[in-house]
2 protein chains.
Amino acid sequence: MPTLAGFAATAALIADPARSAMLHALLGGEALTAGELARIAGVAPPTASAHLAQLVAGGLVVVHQQGRHRYHRLASEEVAAALESLGCLAALSDAAAVSRPRRPWPHGEAFRTARLCYDHLAGRIGVGLHARITGAGWLAPAPGGWRLTEAGTERLAALGLDLDAARQARRFACDCMDWSERRPHLAGGLGRELAQALLRRGWLRRAAPQCGGEGDPFARRRLTPTPEGARALRESFGLDLAA
Amino acid sequence: MPTLAGFAATAALIADPARSAMLHALLGGEALTAGELARIAGVAPPTASAHLAQLVAGGLVVVHQQGRHRYHRLASEEVAAALESLGCLAALSDAAAVSRPRRPWPHGEAFRTARLCYDHLAGRIGVGLHARITGAGWLAPAPGGWRLTEAGTERLAALGLDLDAARQARRFACDCMDWSERRPHLAGGLGRELAQALLRRGWLRRAAPQCGGEGDPFARRRLTPTPEGARALRESFGLDLAA
DNA sequence: CCATCGCTTCGGTGGCGCGCGAAACAGCGC
DNA sequence: GCGCTGTTTCGCGCGCCACCGAAGCGATGG
């Protein structure tokens, strides 16, 4: 019964530090095994197993057995969206607590520049692209999200996006509130294909997991623009990453 | 420091049933006293006081002392948006758990028809108006949300919205994911003025708190369309509430 | 000035749930 | 077959947190 109980129960799933770290790592979009998640969360395998069972029962995570490994993924885009909006809220209240808005973030500005939110782009580049793409009339509002215009079809196909694959998704294009920028970025099938295209083109690259190593849930989500990508983003979209 | 800790800490604030009930009641948009919230949550005054102190410290709630009463409100629109998206997620996982999507909701279809989400409209009427208003070209996408078009300025002013007041808000118009409908409704200053206008016109009315009484956090949010309002919504927006 | 009311602080109690180690189980390779 | 690895189940300890009653504090009203 979707009532107050379910409301609080779902929040309780996210509230535990170990589960929170797991969910955060899964926001990178990859499917991770129970053992990897245990190391990331810093708990023993039995503990991680119990946590994962709860996340699966709660519908936040789906599991896919392959041999003796069990791969865990976020259950849906809605989960990613809720986690981001919750993080946005946490960022707000943290800023209020120190009464100094937008103080530099210990985890590195790089994370704010570009990262994966489940399967689509987030961070400055994510919200910047969202603003340019919608502002340029490539997308038009549609019930429940966005639809492609003629101009958008042409330009995005030229960028190398697989628009047919995007249309296969349950939701074609919609907004997802960005945690660090507090403005929307593009989610849905189109958001996924946009991220894929930029990675394929070599404009963005998954960051090397050097800082913090495997135990760092942030590392799995961080993206860095290549020099070539930074130039292309500036020329094609007017995005100045230094700003 | 907005990091994993803040992430989980904010979720933990929402996770407790008593705090969850309080937050839910505050989604009605009214400022409530500590005593009222204690009764709503079904706990003793000292317990409620401790909970409220945590919510205030966490930045989810702001308090305003007036005489011997302490009035509590949600801290911001972002809090409301995060609560709705979390509720959306809970509704999804509940539906998955019973493996029967969209089963009738024990708390009454009325809550799905129309309710307040903080200060703006939610439910079928909320998402319906969002779709019609954006689909009709009254709003156009803008960085971070929506801007008024000429047509929209004319038509919404004719509806009795105070557009100047809407522009005073920190955010003029943006989307907020609807818990029950899982599609966006209109938030921001314009969303608030839209709700105010429909209430002023008598198209919607705050539901009488009969069912459940004061202890029912849902009662404070429920709205019902008047017969006149249902007719007007059908004629002006093509919204058929029976569907 | 005292009674009342709303709210908070303080101390003590209880229970939920996170944590681990040990052991059982399943897949895989030799 | 046997050992190795990844994962789950079981049992138990411990810590945190929600909860209440009683008392303290500030504001209101007669």
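Protein chains get the first letters and strands the later ones, always in sequence-line order, with residue 1 at the start of each.
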How long is the line joining CG of B:L32 and P of C:dG6, in whole Å? 15 Å
Measure the distance from CG on A:L13 to P on C:dG17 and round it to the nearest whole Å. 11 Å
Compare the minimum distances between each of C:dG6, D:dG6, C:dC18 and the side chain of B:H69, then state the nucleotide with the smallest one. C:dG6
Can a donor-acceptor pair be found between the side chains of B:R221 and B:H24 at a distance below 3.5 Å? yes
Can you confirm if the aromatic rings of A:H185 and A:W179 lie within a centre distance of less than 6.0 Å? no
Nearest-Å distance, CG (A:L52) to C1' (D:dG6)? 13 Å
Phosphate-side-chain proximity, A:Q54 and C:dC18, N/O vs OP1/OP2 below 4.0 Å: yes
Please report the distance, rounded to the nearest Å, between OH in A:Y71 and P in C:dG27. 15 Å
Examine C:dG17: is either OP1 or OP2 under 4.0 Å from a nitrogen or oxygen in the side chain of A:H51? Give yes or no. no
So, does B:R68 get its side chain near the phosphate of C:dT4, meaning an N or O under 4.0 Å from OP1 or OP2? no
I want to confirm an ordering. Mapping A:V43 and A:G67 to their closest nucleotides on DNA chain C, which one lands closer to the 5' end? A:V43
Quick one about A:H120 and A:R192 (side-chain donor to acceptor, distance below 3.5 Å, no hydrogens or angles considered), yes or no? no
Winner on side-chain proximity to A:A44, out of C:dC20, C:dC7, D:dT8, is C:dC20
I need the CD-C1' distance between B:Q66 and D:dG26, as an integer number of Å. 16 Å
Quick one: B:R19 CZ to D:dC19 C1', roughly how many Å, whole number? 12 Å
Please determine if a side-chain N or O atom of A:T47 lies less than 4.0 Å away from the OP1 or OP2 oxygen of C:dG19. no
Looking at D:dG26, I'd like to know if its phosphate oxygens (OP1 or OP2) sit under 4.0 Å from a side-chain N or O belonging to B:R70. no
A:R39 CZ to D:dT7 C1', in whole Å, measures 12 Å
To the nearest angstrom, the CD-P distance between A:Q65 and C:dG27 comes to 7 Å
Indicate whether any N or O donor in one side chain lies under 3.5 Å from an N or O acceptor in the other, for A:T113 and A:R222. no
Taking the side chain of B:P46 as heavy atoms from C-beta outward, which of D:dT9, D:dC20, D:dA18 is closest to it? D:dC20
With sequence neighbours excluded, what pairs up with A:T33 under the side chain to side chain donor-acceptor pair (under 3.5 Å) test? A:E36
